[in-house]
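A note on names: the letters A, B, ... follow the listed sequences, proteins ahead of strands, and every chain is numbered from 1.
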Protein chains: 2
Amino acid sequence: MVAKATIDDVAALAGVSMKTVSRVVNNEPNVRAATREKVAAAIAALDYRPSQSARSLAANRSYVLGLLYDNPSASYVIDVQAGALATCRRAGYDLLIHPCKHDSEELTQEVLLLARQSRVDGLILTPPLSDIAELVQGLVEAQVPFVRLSPTENKAACPYVQTNDQEAAYDMTCKLLELGHTRIGFIAGHPDHKAVTERYLGYLAALKENDLRYDRTLVEQGYNSFDSGRECAARLLDLPDAPTAIFASNDDMAAGVIIEAHHRGIAMPVELSVAGFDDTPVAHQIFPSLTTVRQPIVEMAGKAAELLIKLLKGKSVQMPAAIMSCRILERESTHQVQP
Amino acid sequence: MVAKATIDDVAALAGVSMKTVSRVVNNEPNVRAATREKVAAAIAALDYRPSQSARSLAANRSYVLGLLYDNPSASYVIDVQAGALATCRRAGYDLLIHPCKHDSEELTQEVLLLARQSRVDGLILTPPLSDIAELVQGLVEAQVPFVRLSPTENKAACPYVQTNDQEAAYDMTCKLLELGHTRIGFIAGHPDHKAVTERYLGYLAALKENDLRYDRTLVEQGYNSFDSGRECAARLLDLPDAPTAIFASNDDMAAGVIIEAHHRGIAMPVELSVAGFDDTPVAHQIFPSLTTVRQPIVEMAGKAAELLIKLLKGKSVQMPAAIMSCRILERESTHQVQP
DNA sequence: CTGAAAGCGCTAACAA
DNA sequence: TTGTTAGCGCTTTCAG
């Protein structure tokens with residue numbers, strides 16, 4: 001490897017002090033335009049690249065954000081990563097990923113270590129970690145800067161980004177009602193995953209709004225997985241008075257519904273309408289393709305990283321920080337109820 | 001944040017020198033057991049955590065590995081990340097993710113920057129980046145340590161990990177032949193993605209081995225995506241003498257085949273057998289569930305990280321470094337040919 | 001607007 | 001087996 005130029009080399013070549021070079025590199029004010037150009041030329045000539053480790057040690061910041069998640073959906077995680085990274089790159093930050101177990105005993109300690117070792121300057125939490133009270137509490141106490149995606153509790157703890165997904169669940173339910181369905185099955189999300197379970201509230205609100213009585217047998221407890229969706233669907237379809245539409249709290253479970261219906265020879269969407277939530281890749285790779293809700297995950301994560309960086313710069317961030325909109329995607333799996 | 005203890009504090013409390021503490025922390029030899037314990041006690045008492053930035057600067061290594069990828073399959077990327085991270089954690093490393101564009105002009109420069117800024121000590125390249133000659137060349141020249149997953153070219157450049165996936169493609173084709181299929185359509189992978197396109201060789205070898213003449217019209221050029229798979233399927237199914245089985249080079253394209261067949265009212269697997277490759281989540285979320293090939297991706301990535309860390313420690317790594325085995329998963333989408 | 005000096009917290013090289 | 005002395009390459013502080 002070619003010997004790397006240091007800030008001293010640049011300073012010498014430009015005929016200025018180290019500090020001036022530092023100012024130019026960091027876009028600090030108080031440098032004459034002419035000086036700035038001279039330094040820029042020297043930097044270019046030497047192909048100088050600041051050492052991150054030296055910067056980190058001296059400035060006591062790593063210029064790295066940590067992304068925490070415990071989510072089995074690969075597409076969700078990839079989207080969050082992509083959004084966060086896009087912002088990071090623009091701002092000169094890198095992203096350290098840190099998958100973990102939301103039910104681990106040592107979760108808080110493990111995460112605090114990241115900050116204590118000065119590996120990350122701040123953290124982005126995604127559901128269901130956004131709602132782990134102990135973790136949130138621990139970060140607040142240790143004064144580690146962080147932002148959350150889709151938290152449902154203790155929203156004052158830190159800035160956050162969320163969507164109107166409860167409203168979208170309401171709209172989706174209304175759409176099914178408009179199609180003439182009166183018996184709409186619902187598959188709830190994993191109890192530990194608040195952001196998903198709250199979609200249930202949208203379902204309930206829509207029923208109430210339309211004066212439909214709430215039938216407890218139409219609601220099944222799922223666990224966000226394909227298999228759990230399939231099991232819930234089996235129970236719903238076994239009902240003497242089975243639903244004509246099933247709304248699952250996420251796409252994986254909705255896919256389970258569709259597969260279970262296929263195996264029973266139920267024609268979709270004519271005999272059964274199915275709706276999901278998330279617009280994961282499976283939603284359009286399945287037959288019939290799934291009517292679902294798309295959240296702007298990439299944008300949310302980008303916004304979250306943006307808020308975090310703002311926070312790191314000491315700027316105050318007003319809360320609630322950002323609420324973004326979901327969109328219903330009507331595809332093949334929903335249909336007018338049959339007489 | 002509580003004032004963090006430094007190595008000096010530990011040394012003072014333990015009544016030894018800074019260097020001895022350093023030795024204990026880094027598990028270096030030449031410390032008496034008693035001293036080691038004394039230091040360990042002091043570390044525990046102060047809850048001392050070494051600063052990564054200071055370590056990085058002094059030792060000139062970041063203890064961070066970089067993971068490079070340009071792969072649209074979320075599940076593939078997540079699996080690679082999981083495998084690499086598992087190894088990293090055991091070895092005290094962190095993982096920086098770096099998605100990029102394999103056809104970008106500045107790819108090599110951009111990647112070299114990561115190493116030059118001392119952000120990463122070494123890199124893991126995944127397909128299709130494993131086969132970007134300029135990038136590989138650039139890393140070799142800059143003496144940046146790296147390992148590759150599933151490279152097909154210039155294998156002497158660095159250690160690598162691969163699977164016997166060409167053999168698996170051969171086996172899968174044989175399996176279809178055994179089921180009585182003689183007209184087996186094949187959907188090739190994206191030309192830029194060598195690791196996928198080479199599966200075609202397995203298909204060809206199986207035909208040859210079984211004395212089946214090669215029919216050019218049965219082979220379609222796909223681009224790894226669901227949509228391209230669907231388009232290829234449409235062309236194959238439009239053939240006057242359409243195939244009774246279609247083998248797609250990956251699951252996304254196979255899913256496209258299944259959906260296209262559904263829309264044409266073709267009963268699967270009775271009228272058409274479909275096989276894929278990769279065992280992505282869609283493979284079992286689709287109807288009929290997909291017969292496919294599972295590569296041990298998590299293990300491969302773990303092994304790759306292991307090799308890289310070995311390399312960083314100056315140990316020599318023999319090449320070819322590791323070849324891992326694929327497994328065919330027979331599910332619902334393949335069936336005896338109909339008379 | 002610019003610069004000199006003093007570290008950041010650790011490891012490396014060398015002594016003892 | 002242990003300790004001492006120098007830095008690593010930057011940013012910060014404070015002086016000009």
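Whole-Å rounding puts the B:Asn26 CG to C:dC10 P distance at 10 Å. C:dT11 atom C1' lies 11 Å from atom CZ of B:Arg61, rounded to whole Å. As rounded to whole Å, 20 Å separates atom P of C:dC10 from atom CD of A:Gln52. Spacing between atom NZ of A:Lys19 and atom P of D:dC14 amounts to 13 Å, rounded to whole angstrom units. If you measure from atom CZ of A:Arg49 to atom C1' of D:dC8, you get 20 Å, rounded to the nearest angstrom. Atom P of nucleotide C:dT11 and atom CE of B:Met18 are separated by 8 Å, given to the nearest angstrom. One interatomic measurement links the two molecules: CZ of A:Arg116 to C1' of C:dG9, which rounds to 15 Å at whole-angstrom precision. Taking atom CD of residue A:Glu28 and atom P of nucleotide D:dC10, one finds them 14 Å apart after rounding to whole Å.
Residue B:Lys310 places its NZ atom among 12 or fewer non-hydrogen atoms of other residues, nucleotides or ligands, all under 6.0 Å distant. A:Asn60 CG: 12 or fewer foreign heavy atoms inside a 6.0 Å radius. More than 12 heavy atoms of other residues, nucleotides or ligands sit less than 6.0 Å from atom NZ of B:Lys19.
The phosphate of D:dC10 (OP1 or OP2) has no side-chain N or O of A:Tyr63 nearer than 4.0 angstrom. Dashed line: the shortest gap from a side-chain N or O of B:Thr20 to OP1 or OP2 of D:dG3 is under 4.0 Å. Side-chain N/O atoms of B:Ser56 include none lying less than 4.0 angstrom from OP1 or OP2 on D:dC8. The phosphate of D:dT1 has neither OP1 nor OP2 within less than 4.0 Å of any side-chain N or O from B:Arg32. Proximity of A:Ser51 to the phosphate of D:dG9: no side-chain N or O atom is located under 4.0 Å from OP1 or OP2. Side-chain N/O atoms of A:Ser22 include one lying less than 4.0 angstrom from OP1 or OP2 on D:dT11.
Among the nucleotides C:dT11, D:dG9, D:dC14, the one closest to the side chain of A:Arg23 is D:dC14. Across C:dC10, D:dT2, C:dA4, the shortest atom-to-atom separation from the side chain of B:Asn30 is found for D:dT2. Checking C:dG3, C:dC8, D:dG3 against every side-chain atom of A:Ala58, the shortest atom distance belongs to C:dC8.
Counting non-hydrogen atoms under 4.0 angstrom, B:Ser53 reaches nothing in the nucleic acid. Here B:Asn60 lies out of heavy-atom contact (under 4.0 Å) with every strand. Backbone-only contact: B:Pro50 has heavy atoms under 4.0 Å from sugar-phosphate atoms and none from a base.
Between B:Thr35 and B:Leu57, it is B:Thr35 whose nearest contact on DNA chain D lies nearer the 5' terminus.
Taking every heavy atom of both residues into account, A:Arg119 and A:Val64 meet most closely at O-CB, 3.5 Å.
Relative orientation of the B:Tyr63 and B:Tyr93 rings is tilted, given thresholds of 30° and 60° on the angle between their planes.
Side chains of B:Glu134 and B:Thr108: a donor-acceptor N/O pair is present below 3.5 angstrom, by distance only.
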